[in-house]
Amino acid sequence: MPTQEWNDYNLRWNETEYGGVKDLRITPNKLWKPDVLMYNSADEGFDGTYHTNIVVKHNGSCLYVPPGIFKSTCKIDITWFPFDDQHCEMKFGSWTYDGNQLDLVLNSEDGGDLSDFITNGEWYLLAMPGKKNTIVYACCPEPYVDITFTIQIRRRTLYYFFNLIVPCVLISSMALLGFTLPPDSGEKLTLGTYFNCIMFMVASSVVLTVVVLNYHHRTADIHEMPPWIKSVFLQWLPWILRMGRPGRKITRKTILLSNRMKELELKERSSKSLLANVLDIDDDFRHTISGSQTAIGSSASFGRPTTVEEHHTAIGCNHKDLTLILKELQFITARMRKADDEAELIGDWKFAAMVVDRFCLIVFTLFTIIATVTVLLSAPHIIVQ
């Protein structure tokens with residue numbers, strides 16, 4: 001409670017006439033005292049002070065210092081929690097006397113006396129400046145005087161730093177490390193699911209982890225790789241991330257050359273006949289059969305005399321055998337080509353999953369660093385001892 005001191009001329013006496021008595025202690029209900037109260041009190045009884053005696057001196061000086069526990073309303077701003085500063089006001093003034101009847105004067109421009117302040121474990125007291133205000137309310141023409149003390153406190157962040165900030169940073173780091181795990185380990189989705197309720201970044205990592213696992217386990221029997229995925233995840237994004245494949249060097253030149261070769265291959269296929277497009281060696285086979293028939297006819301003309309039936313029988317047998325051999329070769333070749341294509345497609349999907357993993361690792365790492373540094377640098381203060 002602010003120290004209240006005033007002078008009452010009705011309480012003066014000559015100490016020599018009263019046995020050298022210089023001062024008296026009188027209960028407050030026997031004397032007049034200023035009705036100074038805290039305007040913004042939140043106490044159930046409004047006045048939380050204990051009414052002690054008033055010290056009255058022989059010259060009329062009265063000193064009233066009632067102890068008390070004050071509860072006041074205060075608007076808390078947690079924008080920068082736990083790096084926040086709070087300013088709480090305690091407004092004291094007379095409840096019934098105006099400024100013409102009762103004047104309040106500050107003893108010190110520094111405000112309240114902090115010499116007896118007991119250190120708090122959660123808050124650090126910066127200052128408690130005081131200000132005298134003279135206000136004219138709409139209800140009354142007389143001015144009213146009040147003394148407003150502003151308690152400036154700062155939250156000690158050491159506890160929150162080690163118990164809130166550091167765990168969050170570690171959790172974010174663990175989410176980032178999830179992208180470095182191989183998809184076959186089975187821990188990527190589990191790791192993301194455990195942290196998906198903690199922060200948005202971890203939830204995003206879960207979604208991207210599912211995409212990576214989906215890409216990694218795709219096969220040629222179920223999925224075909226769209227051209228845009230080939231272009232983005234097998235060519236340009238690996239080139240940007242400086243990634244490579246065994247036996248393949250990914251550069252801008254190789255990407256452009258590969259795209260050019262695909263265009264030429266499509267033009268070449270469109271120029272072939274329908275039968276040659278289905279069976280690549282049928283065109284050559286027709287020439288081979290014709291050549292074989294010519295060779296057989298020539299050998300027959302130079303060899304022993306043959307009848308027409310024997311000639312046609314020999315040609316039919318040779319043509320039938322060659323056709324069967326050709327079909328077997330086509331079947332084996334098709335199976336080998338299909339197996340190679342499937343293996344290549346599976347390898348492409350796995351490489352695309354690896355590219356997404358690497359991309360997520362870089363993006364989330366940058367996001368974590370930038371977000372952490374931005375929040376810490378934007379705070380009014382970081383650590384208060």
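These numbers come from a predicted model, not from an experiment.
Under a 3.5 Å cut-off, the side chain of Gln86 and the backbone N or O of Asp77 do form a donor-acceptor pair. Counting only distance, with no hydrogens or angles, the side chain of Asp8 and the backbone of Trp32 share no donor-acceptor pair below 3.5 Å. A distance-only check finds no donor-acceptor pair linking the side chain of Arg155 to the backbone of Phe83 [under 3.5 Å]. Checked by atom type and distance alone, the side chain of Trp13 pairs as donor or acceptor with a backbone atom of Val21 at under 3.5 Å. Although no hydrogens or angles enter the test, the distance criterion places a donor-acceptor pair under 3.5 Å between the side chain of Arg156 and the main chain of Asn120. The backbone N or O of Pro227 sits nowhere less than 3.5 Å from a side-chain atom of Ser231 that would complete a donor-acceptor pair. No donor-acceptor distance shorter than 3.5 angstrom exists from the side chain of Lys132 to the backbone of Val145, with no hydrogens or angles considered.
Counting heavy atoms from C-beta on, the side chains of Tyr137 and Asp98 never come closer than 4.5 Å. Looking at heavy atoms from C-beta onward, Thr52 lies out of side-chain contact with Val65 at the 4.5 angstrom threshold. Phe364 has its side chain within reach of Leu208: a pair of non-hydrogen atoms, C-beta onward, lies under 4.5 Å apart. Annotation: side chain of Tyr97 is not in contact with side chain of Glu142 (no heavy-atom distance under 4.5 Å). Using a 4.5 Å heavy-atom threshold, the side chains of Arg25 and Val55 count as touching. With contacts defined as side-chain heavy-atom distances shorter than 4.5 Å, the pair Phe351/Phe233 does not qualify. No side-chain heavy atom of Tyr215 sits less than 4.5 Å from a side-chain heavy atom of Met354. Residues Tyr160 and Phe81 meet the side-chain proximity criterion, which asks for heavy atoms closer than 4.5 Å.
A single hydrophobic cluster is not seen to contain both Tyr50 and Ile69; linkage of ILVMFWY side chains at heavy-atom distances under 4.5 Å, directly or through other members, places them apart. Linking ILVMFWY side-chain heavy atoms closer than 4.5 Å, directly or via other members, places Leu11 and Tyr9 in two distinct hydrophobic clusters. Using a 4.5 Å cut-off between side-chain heavy atoms of Ile, Leu, Val, Met, Phe, Trp and Tyr, with links allowed through other members, Trp349 and Leu237 fall into the same hydrophobic cluster. Residues Leu104 and Trp6 do not share a hydrophobic cluster, defined by chaining ILVMFWY side chains whose heavy atoms lie under 4.5 Å apart. Two different hydrophobic clusters hold Val356 and Ile346 under the rule that ILVMFWY side chains link at heavy-atom gaps under 4.5 Å.
The shortest non-hydrogen separation linking Thr134 to Pro143 is CG2-CB, 3.7 Å. Closest approach of Pro238 to Val355, counting heavy atoms only: CG-CG2, 3.7 Å. Across all non-hydrogen atoms, the minimal contact from Pro141 to Val136 is O-CG1, 3.9 Å. Minimum interatomic distance between Phe162 and Pro167 (heavy atoms only, all atoms of both residues): O-CD, 3.5 Å.
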Run the numbers on Tyr124 and Thr119 for side chain to side chain contact (heavy atoms under 4.5 Å, CB included), then give the verdict.
CA-CA 7 Å; Tyr124 174 73; Thr119 304; over 6 Å; no
Can you check side chain to side chain donor-acceptor pair (under 3.5 Å) on Thr27 and Asn29, steps first, answer last?
CA-CA 6 Å; Thr27 57; Asn29 57 348; 2.7 Å; yes
I would like to know whether Lys33 and Gln4 meet side chain to side chain contact (heavy atoms under 4.5 Å, CB included); could you show each step before the answer?
CA-CA 9 Å; Lys33 63 181 180 64; Gln4 301 179 43; 5.6 Å; no
Could you go through the side chain to side chain contact (heavy atoms under 4.5 Å, CB included) check for Thr150 and Lys131 one step at a time?
CA-CA 8 Å; Thr150 303; Lys131 182 181 179 182; over 6 Å; no
Show, in sequence, the C-alpha distance, side-chain angles and deciding distance for Glu89 and Ser72, and conclude whether the side chain to side chain contact (heavy atoms under 4.5 Å, CB included) test is met.
CA-CA 8 Å; Glu89 294 184 349; Ser72 66; over 6 Å; no
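Taken to the nearest 0.5 Å, the CZ atom of Phe92 stands 9.5 Å off from the OG1 atom of Thr148. In this structure, CZ in Arg337 is found 13.0 Å from CZ in Arg335, a value given to the nearest 0.5 Å. The line from CD1 of Ile362 to CG of Leu241 is 4.5 Å long, rounded to the nearest 0.5 Å. Note that the CG atom of Asn14 and the OH atom of Tyr18 stand 8.5 Å from one another [nearest 0.5 Å]. One finds the CE atom of Met38 at 13.0 Å from the CG atom of Asp146 (value rounded to the nearest 0.5 Å). Atoms OG and CG, on Ser94 and Asp103 in that order, are 11.0 Å from each other to the nearest 0.5 Å.
More than 12 heavy atoms of other residues, nucleotides or ligands shown are found within 6.0 angstrom of CD1 on Ile135. In Glu44, the CD atom is not crowded: 12 or fewer heavy atoms of neighbouring residues, nucleotides or ligands sit closer than 6.0 Å. Remark: Ile78 CD1 is loosely packed, at most 12 non-hydrogen atoms of other residues, nucleotides or ligands lying under 6.0 Å away. Around the NZ atom of Lys57, the shell of radius 6.0 Å holds no more than 12 heavy atoms that belong to other residues, nucleotides or ligands. The number of heavy-atom neighbours closer than 6.0 Å to CG of Asn107, taken from other residues, nucleotides and ligands shown, is 12 or below.
By the 4.0 Å N-to-carboxylate-O rule, Arg154 lies close enough to Asp85 to be salt-bridged with it.
If you check the side chains of Asp43 and Ser41, you find no donor sitting under 3.5 Å from an acceptor.
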